[in-house]
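Since this is a predicted model, take the numbers as computed values, not measurements.
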Amino acid sequence: MISIIASDMDGTLLNEKMEVSEENAAAIKQAQSEGVHFIVATGRQLSEAKPSIEKFGIQVPMITLNGAAVYDVDGKALDMVPLHRATVTQIMRELNLANLYYEVVTADGVVSNSRTMHIQNLAQLLNNLNPDTPFKLAVSLASARVELMDISYVDDYQELIDDHNVRILKIIAFANEGPKKLKPVSDRINKKVEVAITSSSRTNIEINNIRAQKGIALQHYADELNIPMSQVMAIGDNLNDASMLRIADTSYAMGNAIPEIKKLANHLTVSNNENGVGKAILEQLKSNRQ
């Protein structure tokens, strides 16, 4: 019996056009009509994730920024897990030494020190998630997505650390070389501070408070509803989904998921361009009725 379904967005619920297909939307609404709770679990921030879901007529609570911020269906913040300032200083030092471009996500939005680099890396991420998408289209989609985001620009990230009214929820670093460049940096950061480091693409690393993970947030959400994890299903495609796939008794990897996620999940669905989320939902709803 499935009572909660949690789904990632990019590469999972969203197709190559960064949209929720009619099939996926219909399956979510069907699940909700049958009393199943649906929650989105994404690395995105709320202002970027919520419109992308609601424009398809779907209203759901959201685990955002990999678990650093959780919101109810009305967008009210239920929990926030920021990084400690001393930890942020250590992280930034290592990223600067590695000469990596990175962005800082605060409770008020994304902060970058380069608009050009922001669009370029966002386009690369979209292209990696959907390899069949031409890079020029990815740049166009990235530029449009920037308009949805609460993004601001600074010359020096130090001013964020110095402002104690700013809550830093996530740091995301990019490298086109992928793990070859990113893994050594991740290893050095892990030796200096206790954080959760995941990725949503081979060309980035996402750094959160050790308690800010999708799996932990999903566990808390289920606990609030008094629903055991034996009745929870999670769907994802990349490493930042691993914690929730491990904790949910029923876990689905997308057909386009990376090999590690396919090995971790106990079910496999088709790709995000083939309505994999909708098919997985309908499969479990059928089992619920039996």
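Asp108 contributes no side-chain N or O that, together with a main-chain N or O of Val166, makes up a donor-acceptor pair within less than 3.5 Å. Of the possible donor and acceptor atoms, none in the side chain of Thr203 sits under 3.5 Å from a partner among the backbone N and O of Gly178. At distances below 3.5 Å, at least one donor-acceptor pair connects side-chain atoms of Tyr157 with backbone N or O atoms of Tyr102. In this structure, Asn256 contributes its side chain and Asn272 its backbone to a donor-acceptor pair below 3.5 Å. Side chain of Lys170 to backbone of Gly43: a donor-acceptor contact under 3.5 angstrom is found.
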Using residues 219-235 as the side-chain source, report each donor-acceptor pair under 3.5 Å to any protein atom, sequence neighbours left out, with the distance given to one decimal.
from, atom 1, to, atom 2, distance (Å)
Gln219, NE2, Asp223, OD1, 3.0
Gln231, OE1, Ser3, OG, 2.6

Pairs of donor and acceptor atoms involving the side chains of residues 74-81, under 3.5 Å and at least two apart or interchain, shall be tabulated with distances.
none

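Across all non-hydrogen atoms, the minimal contact from Gly236 to Asp241 is CA-OD2, 3.4 Å. Closest non-hydrogen pair, Met244 versus Ala41, comes out as SD-CB, 3.7 Å. Closest non-hydrogen pair, Asn238 versus Ser199, comes out as OD1-O, 3.7 Å. Closest approach of Ala265 and Ala253 over heavy atoms only: CB-N, 3.5 Å. Contact record, Arg188 with Ala98: NH2-CB, 4.0 Å, taken as the closest heavy-atom pair. Summarising the geometry of Phe56 relative to Lys29, their closest heavy-atom pair is O-NZ, 3.5 Å, with the distance given to 0.1 Å.
Between the side chains of Asn66 and Asn240, at least one donor-acceptor pair of N or O atoms lies under 3.5 Å. Of the N and O atoms on the side chains of Ser114 and Ser112, not one donor lies less than 3.5 Å from an acceptor on the other residue. Counted by atom type alone, Gln30 and Glu34 present one or more donor-acceptor pairs between their side chains at under 3.5 Å. Side-chain N/O atoms of Ser21 and Asn275 include a donor and acceptor closer than 3.5 Å. Side chains of Gln284 and Ser287: a donor-acceptor N/O pair is absent below 3.5 angstrom, by distance only. A donor-acceptor pair shorter than 3.5 Å can be found between the side chains of Ser52 and Arg44. Remark: the Asn204 side chain and the Ser200 side chain contain an N/O donor-acceptor pair separated by less than 3.5 Å. Under 3.5 Å, the side chains of Asn113 and Tyr101 contain no donor-acceptor pair of N or O atoms.
Residues forming a salt bridge (Lys or Arg N to Asp or Glu O under 4.0 Å) with Glu283 (at least two apart in sequence, or on another chain): none. Residues satisfying the salt bridge (Lys or Arg N to Asp or Glu O under 4.0 Å) criterion with Glu23, sequence neighbours excluded, are absent altogether. Applying the salt bridge (Lys or Arg N to Asp or Glu O under 4.0 Å) rule to Lys50 yields the partners Glu54; only residues at least two apart in sequence or on another chain are considered. Remark: Ile53 engages Met9, Leu13, Val20, Val40, Ile58, Val60, Met62 in a side chain to side chain contact (heavy atoms under 4.5 Å, CB included) (not counting sequence neighbours).
Side chains of Lys279 and Val270 form a contact here, defined as non-hydrogen atoms less than 4.5 Å apart. Using a 4.5 Å cut-off on side-chain heavy atoms (C-beta onward), Arg85 and His164 make contact. Within the 4.5 Å cutoff, no side-chain heavy atoms of Gln32 are placed close to those of Val36. Within the 4.5 Å cutoff, side-chain heavy atoms of Ile4 are placed close to those of His37.
Taking CD1 of Ile5 as the start and CZ of Phe38 as the end, the distance is 6.5 Å to the nearest 0.5 Å. For the atom pair CG of Asp72 and CD of Gln59, the computed distance is 11.0 Å after rounding to the nearest 0.5 Å. With rounding to the nearest 0.5 Å, the separation of NZ in Lys181 from CG in Leu100 is 5.0 Å. Residue Thr42 holds its OG1 atom at 8.0 Å from CG of Leu65, rounded to the nearest 0.5 Å. Rounding to the nearest 0.5 angstrom, the gap separating the CD1 atom in Ile197 from the CD1 atom in Ile207 is 5.0 Å. In this structure, Ile171 CD1 and Thr106 OG1 are separated by 11.5 Å, a value rounded to the nearest 0.5 Å.
Under the 4.5 Å side-chain heavy-atom criterion for ILVMFWY residues, no single connected hydrophobic cluster contains both Ile216 and Ile39. Both Val111 and Leu83 belong to a common hydrophobic cluster when Ile, Leu, Val, Met, Phe, Trp and Tyr are linked at side-chain heavy-atom distances under 4.5 angstrom. There is a path of hydrophobic side-chain contacts, each under 4.5 Å, that joins Val277 to Leu14. There is no path of hydrophobic side-chain contacts, each under 4.5 Å, that joins Leu46 to Val73. In the hydrophobic clustering of this structure, Tyr252 does not group with Leu245; members are Ile, Leu, Val, Met, Phe, Trp, Tyr whose side-chain heavy atoms approach within less than 4.5 Å, directly or through other members.
Counting non-hydrogen atoms of other residues, nucleotides and ligands closer than 6.0 Å to CZ of Arg167 gives a total of 12 or fewer. Within a 6.0 Å radius of NZ in Lys262, other residues, nucleotides and ligands contribute more than 12 heavy atoms. Counting heavy atoms of neighbouring residues, nucleotides and ligands inside a 6.0 Å radius, atom NE2 of His267 exceeds 12 of them. Other residues, nucleotides and ligands contribute over 12 non-hydrogen atoms within 6.0 Å of the CD atom of Glu159. Other residues, nucleotides and ligands place more than 12 heavy atoms under 6.0 Å from the CG atom of Asp162.
Ion pairing of Lys191 with Asp187 is absent here, as no side-chain N (NZ or NE/NH1/NH2) approaches a carboxylate O to less than 4.0 Å.
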